[in-house]
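Excluded from the calculations below are hydrogen atoms, water molecules and symmetry mates; all remaining heavy atoms, backbone and side chain alike, are included. Here the structure is a predicted model, which means the values were calculated and not measured. Numbering of ligands and ligand atoms starts at 1, following listing order.
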Amino acid sequence: MRAYHTSAKPPFIIIDLVNLQSIHIKVDDETAWVQSGATLGELYYSIAKKSGIHGFPAGICPSVGIGGHFSGGGFGTMVRKYGLAADNVIDACLVDVNGSILDRETMGEDLFWAIRGGGGASFGVIVSWKIKLVRVPPVVSVFNIDKKLDQRTTELVHRWQYVAQQLHKDLFIRLVIQDVNEVTKGQKKTLQVSFNSLFLGTADELLSLMHNRFPELGLQAETCTEMSWIESVLYFAGYPRGQSLDVLLNRTVQYKNGVRASNRHIHWMRMLYSYMKQYVSHSPRAAYLNYRDLDLGTNQQANTSNLKAKVWGKKYFKGNFKV
Ligand SMILES: Cc1cc2nc3c(=O)[nH]c(=O)nc-3n(C[C@H](O)[C@H](O)[C@H](O)COP(=O)(O)OP(=O)(O)OC[C@H]3O[C@@H](n4cnc5c(N)ncnc54)[C@H](O)[C@@H]3O)c2cc1C
């Protein structure tokens, strides 16, 4: 662990956790200790190397860091069955502001509760986490169905909103909505909705569930692919079938689009937020800590007081933000 001091007043330090990346899997008692500087990809890789019937319910992107992800919650394709990554943390090693090294017993249940969803940065530095591995079947099934706007897609999305949360807990279906070029229509832009799914079981079981509960989507046997859980991790991360697992150890992330594209995307997000405002939490409008919402407010200066921070703090922590 390295700390960088700055000459800013008041001074602050940045702690680099890159070298804290060890992972110890204990298949016999279905637990693991994972250090905060490891990535999700490294964790999934390490589990798969030791067991074909265990996994961990955390986020989809392999390059995400364990420290921020676990402390802010962490959801992925197994969220319906096993909850968040934070729900599956059973102990942690934390260094507090006094330099004391604490575990679950010595930090107490309140602090242990806070670092599992409240974000680590407010409470100390979490060096490592003890997690409960979850059981996955040797065969899981995935599918992806792309629908353009003219394919009764609006009705399907509407139906999905009512069906998705009632489906079997082994079945996860997410929507990815994006604009694409329509080759047949002179590259005109159109919206495409992708129904992207993981099922913890065989394709036959999946087909039967889908035909009973969501027949409107029209899932066919040839659209389903059976694979191992770790292959499904690669599938959701966008890698082609047959890709070596070693790619999960790659820490390089490329950001290509630059400031203009980033501003455009933030503008889209603001339009979406504005449209969705009527359906989501308000007074205060709340947010998932791991998807920071710039419009909830940020600290303007390094020496912001608790009183000033209350403006955004209550929106993330609700009644748990005490001034
Ligand atoms: C490409 C991408 C894909 C994502 N996919 C998902 C997803 O599928 N599901 C999901 O739930 N989220 C997802 N996220 C959001 C992700 O969970 C958050 O961005 C998370 O905060 C990342 O943690 P980090 O450690 O990598 O980031 P950092 O920026 O290093 O840390 C985030 C915050 O946590 C604090 N922190 C980090 N480590 C520690 C520690 N050891 N002790 C105390 N505080 C610490 C930092 O100070 C900072 O405030 C995704 C993010 C990206 C960029």
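Of the candidates Gly68, Gly67, Ser63, it is Gly68 that places a heavy atom closest to atom 34 (O) of ligand 1. Around atom 1 (C) of ligand 1, the closest heavy atom drawn from Gly37, Ser36, Cys61, Ala85 belongs to Cys61. The closest heavy-atom contact to atom 7 (C) of ligand 1, among the options Phe236, Trp129, Phe75, comes from Phe75.
Residue Ile60 has at least one N or O atom closer than 3.5 Å to an N or O atom of ligand 1. At least one N/O-N/O distance between Ala121 and ligand 1 falls below 3.5 Å. Considering backbone and side-chain N/O of Leu17, none are found under 3.5 Å from N/O of ligand 1. Considering backbone and side-chain atoms together, Ile126 places an N or O closer than 3.5 Å to an N or O of ligand 1. When only interatomic distances are considered, the shortest N/O to N/O separation between His69 and ligand 1 falls below 3.5 Å.
Distances shorter than 4.0 angstrom occur between a heavy atom of Gly74 and an atom of ligand 1.
Counting non-hydrogen atoms of other residues, nucleotides and ligands closer than 6.0 Å to CZ of Arg260 gives a total of 12 or fewer.
Every atom of ligand 1 is numbered from 1 in the order shown, and the set under 4.0 Å from a heavy atom of Gly120 is 43 (C), 44 (N). The distance from ligand 1 to the heavy atoms of Tyr288 drops below 4.0 Å at these ligand atoms: 10 (C), 11 (O). Residue contact check: Gly124 has heavy atoms under 4.0 Å from atoms 42 (N), 43 (C) of ligand 1. The atoms of ligand 1 that sit less than 4.0 Å from any heavy atom of Gly59 are 7 (C), 8 (O), 9 (N). Listed by atom number, the atoms of ligand 1 under 4.0 Å from Gly65 heavy atoms are 23 (O), 24 (P), 25 (O), 26 (O).
The pair Arg152-Glu216 fails the salt-bridge criterion, with no side-chain N (NZ, NE, NH1 or NH2) lying under 4.0 Å from an Asp/Glu carboxylate O. Salt bridge absent: Arg116 and Asp87 never bring a charged side-chain N and a carboxylate O closer than 4.0 Å. Note on Lys132 versus Glu30: no salt bridge recorded, every NZ/NE/NH1/NH2 to OD/OE distance being 4.0 Å or above.
Under 4.0 angstrom from ligand 1, the non-hydrogen atoms of Tyr291 all belong to its side chain.
For the side chain to side chain contact (heavy atoms under 4.5 Å, CB included) with Lys81, the qualifying choice from Leu171, Val134, Asp170, Val136 is Asp170, the only one to do so.
Two residues are said to be in side-chain contact when any heavy atoms from C-beta on lie closer than 4.5 Å; Phe70 and Ile131 meet this criterion. Using a 4.5 Å heavy-atom threshold, the side chains of Ile66 and Leu43 count as touching.
Taking the side-chain hydrogen bond (donor to acceptor under 3.5 Å, both in side chains) definition, one finds that Asp29 meets it with Thr31, sequence neighbours left out.
The closest donor-acceptor contact from the side chain of Ser197 to the backbone of Phe172 lies under 3.5 Å.
A perpendicular orientation is assigned to the rings of Tyr291 and Tyr288, their planes being inclined by more than 60° (bins at 30° and 60°).
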